[in-house]
Amino acid sequence: MGFQVWRPVGLAKYLAAALGAVLVLAFAEYSLRFGLRGLGDDLTLETHIYTPGGWGVNLAIFGHMAVGAVIMVLAPLQLVGRVRARYPRVHRITGRVVVGGALLVALGGLAYIGLRGTVAGPLMDLGFGLYGVLMLGAAVQALRFARAGDFARHSDWALRLFVLVMGSLIYRLHYALWYLATDGLGSTKALDGPFDQVQYFAFYLPYLAVLELWIRRRRV
Ligand code: HEM
């Protein structure tokens with residue numbers, strides 16, 4: 001009986017992990033390619049994100065895409081208990097890369113917002129700006145508590161950082177699902193429709209809230 005119940009649950013977990021891995025790898029590949037192209041080529045005709053002649057702002061935004069791709073692939077590995085237990089040195093080194101990368105990603109995104117602003121203006125600046133500030137904070141705290149040997153709080157902050165790193169993928173998934181379901185109701189090309197405005201915050205705040213509840217329940 002226990003066997004029959006366990007098997008479908010175990011299988012569902014593996015399938016969910018496999019689907020997650022495919023999505024992460026596909027988006028990371030897109031982000032890395034886009035980032036590297038923006039760092040090397042003139043993308044003026046292709047995207048509003050490119051600033052002609054603005055090497056600093058291009059370095060910030062396209063660099064954040066390339067580094068973001070790397071941390072998005074590495075961050076899930078940090079959650080695997082078996083890797084942490086058997087290869088603590090790998091966990092520590094990868095952890096420093098993820099934290100350092102997250103700082104660069106957040107600073108790059110914030111610099112772009114400060115220098116150019118997002119495509120949809122102040123409210124999107126606010127949503128993405130808060131996203132960057134939270135990522136900075138979570139990265140610093142995860143490292144700080146690991147170094148202090150406070151592994152309970154390190155784990156809480158590392159999970160918050162993980163959710164934030166995945167936020168960028170979640171943002172695109174919300175759009176993909178919404179366009180499939182409604183053909184883009186409430187969304188505009190300038191990203192300033194009602195659906196878009198909710199998305200400025202909805203790709204990370206609800207997920208962080210669920211995580212907080214889970215962290216609190218874990219402690220009881
Ligand atoms: C792992 C984390 C991240 C990855 C992989 C990532 C990736 C990307 C990619 C690929 C784009 C290009 C737009 C597109 O193709 O849809 C983009 C745009 C952008 N990202 Fe990120 N990003 C990450 C985190 C962040 C953070 C933390 C911030 C905030 C500070 C941020 C701010 C921005 C901004 C402002 C844009 C341009 C939006 C516009 O069109 O005006 N990103 N990001």
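From a predicted model like this one, the values you see are computed outputs, not experimental measurements. The basis for the numbers below is simple: all heavy atoms, side chains too, and nothing from hydrogens, waters or symmetry mates. As the structure lists them, so they are numbered: ligands from 1, and atoms in each ligand from 1.
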Only one of F128, F27, Y204, Y200 passes ring-ring contact (aromatic ring centres under 6.0 Å, His included) with Y171, and that residue is F128

How far is [atom] from its nearest protein heavy atom, and which residue and atom is that?
atom	answer
atom 40 (O) of ligand 1	H48 NE2, 2.8 Å
atom 36 (C) of ligand 1	I61 CD1, 3.8 Å
atom 10 (C) of ligand 1	S31 OG, 3.5 Å
atom 41 (O) of ligand 1	V119 N, 2.8 Å
atom 26 (C) of ligand 1	Y131 CE2, 3.3 Å
atom 37 (C) of ligand 1	Y112 CE2, 4.0 Å
atom 38 (C) of ligand 1	M124 CE, 4.2 Å
atom 6 (C) of ligand 1	S168 OG, 3.2 Å

To the nearest 0.5 Å, how far apart are [atom1] in [X] and [atom2] in [Y]?
X	Y	atom1	atom2	answer
D125	I113	CG	CD1	6.0 Å
R153	I215	CZ	CD1	12.5 Å
L115	T51	CG	OG1	8.5 Å

Can you name the atoms of ligand 1, numbered from 1 with element, that are less than 4.0 Å from a heavy atom of [X]?
X	result
R172	8 (C), 9 (C), 11 (C), 12 (C), 13 (C), 14 (C), 16 (O), 17 (C), 18 (C), 43 (N)
M135	27 (C)
L110	30 (C)
A106	30 (C)
F27	5 (C)
T118	35 (C), 41 (O)
I113	35 (C)
F128	29 (C), 30 (C), 32 (C), 33 (C), 34 (C)

Quick look: L169 vs ligand 1, heavy-atom contacts under 4.0 Å, and the answer is neither

Which of T47, D41, D42 passes side-chain hydrogen bond (donor to acceptor under 3.5 Å, both in side chains) with T44? It is D42

- Item | Hphob cluster co-occupancy, L79 + V24, side-chain heavy atoms under 4.5 angstrom | yes

* Name the orientation class of the two ring planes belonging to F151 and H154 (parallel below 30°, tilted from 30 to 60°, perpendicular beyond 60°). => perpendicular

Quiz item: Touching ligand 1 at all, Y30? Heavy atoms, strictly under 4.0 Å?
Solution: yes

Exercise for the section: Please tell me if the side chains of D192 and L123 come closer than 4.5 Å, counting only heavy atoms from C-beta onward. Expected result: no

Atom 21 (Fe) of ligand 1 has as its nearest N, O or S atom from H64 the atom NE2

Regarding Y131 and S168, is there a side-chain donor-to-acceptor distance under 3.5 Å anywhere? no

- Task: Report yes or no: do R218 and S155 form a side-chain donor-acceptor pair below 3.5 Å?
- Result: yes

Smallest heavy-atom separation, E212 atom then R160 atom, equals OE2-NE, 2.7 Å

Discussion item. Whether R217 engages the ring of W214 as a cation-pi pair (distance to the six-membered ring centre under 6.0 angstrom, angle to the ring normal within 45°) should be assessed.
Written reply: no

